[in-house]
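In this text the structure is predicted, and so the values were computed from the model without any measurement. Counting begins at 1 with the first residue of the sequence.
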Amino acid sequence: MPQSLVAGTQGVSDISFTAGNPWPADGKLVFSVPASFTAVTGTSVAASSGTDGGFSVAVSGTGPWDVTVTRDGSGSETAAGQAIVLAIT
């Protein structure tokens with residue numbers, strides 16, 4: 001969910017989920033953003049809770065967009081059932 005709901009605002013979006021399975025230290029999360037959003041970008045994870053390590057972010061598509069968050073292997077496996085929040089900029 002975007003932290004601001006004002007049209008045209010760019011900033012941070014919080015992605016919240018509960019891991020249904022363990023999330024490996026080098027695992028990926030892919031989610032889709034509907035075409036009703038415009039100019040979807042993402043370059044980094046500014047903050048996280050419920051998981052550790054580093055991340056990279058890639059966006060593909062032209063609406064809907066696929067956003068891929070890749071863990072860089074520097075953290076530990078995140079347990080199934082863990083609540084996770086990623087702040088994506």
Please name the pair of heavy atoms, one in [X] and one in [Y], separated by the smallest distance, quoted to 0.1 Å.
| X | Y | value |
| --- | --- | --- |
| Ala80 | Gly20 | CB-O, 3.8 Å |
| Val85 | Ser16 | CG2-OG, 3.7 Å |
| Thr78 | Gly50 | CG2-O, 3.4 Å |
| Asp66 | Ser32 | OD1-OG, 2.8 Å |
| Val40 | Val59 | O-CG1, 3.8 Å |
| Ala19 | Ala79 | CB-O, 3.8 Å |

Could you tell me which residues satisfy side chain to side chain donor-acceptor pair (under 3.5 Å) with Asp26, sequence neighbours excluded, listed by chain and number?
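Counting only residues at least two positions away or on another chain, Asp26 forms no side chain to side chain donor-acceptor pair (under 3.5 Å).
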Can you measure from [atom1] ([X]) to [atom2] ([Y]) and round to the nearest 0.5 angstrom?
| X | Y | atom1 | atom2 | result |
| --- | --- | --- | --- | --- |
| Asn21 | Gln82 | CG | CD | 14.0 Å |
| Ile84 | Ser48 | CD1 | OG | 9.0 Å |
| Thr70 | Phe55 | OG1 | CZ | 10.5 Å |
| Ser13 | Ile88 | OG | CD1 | 7.5 Å |

Side chain of Thr89, backbone of Ala46: donor and acceptor closer than 3.5 Å?
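Between the backbone of Ala46 and the side chain of Thr89 there is no qualifying donor-acceptor contact (under 3.5 Å).
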Partners meeting salt bridge (charged side-chain N to carboxylate O under 4.0 Å, His left out) with Asp52 (sequence neighbours left out)
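By the salt bridge (charged side-chain N to carboxylate O under 4.0 Å, His left out) rule, Asp52 matches Arg71.
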Phe17: partners by ring pair (Phe, Tyr, Trp, His ring centres under 6.0 Å), with sequence neighbours left out
Trp23
Starting from Phe31, can I reach Phe37 by hopping between I/L/V/M/F/W/Y residues whose side chains sit under 4.5 Å apart?
yes
Are Leu29 and Leu86 close enough that some pair of their side-chain heavy atoms sits under 4.5 Å apart?
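SC-SC contact between Leu29 and Leu86 confirmed.
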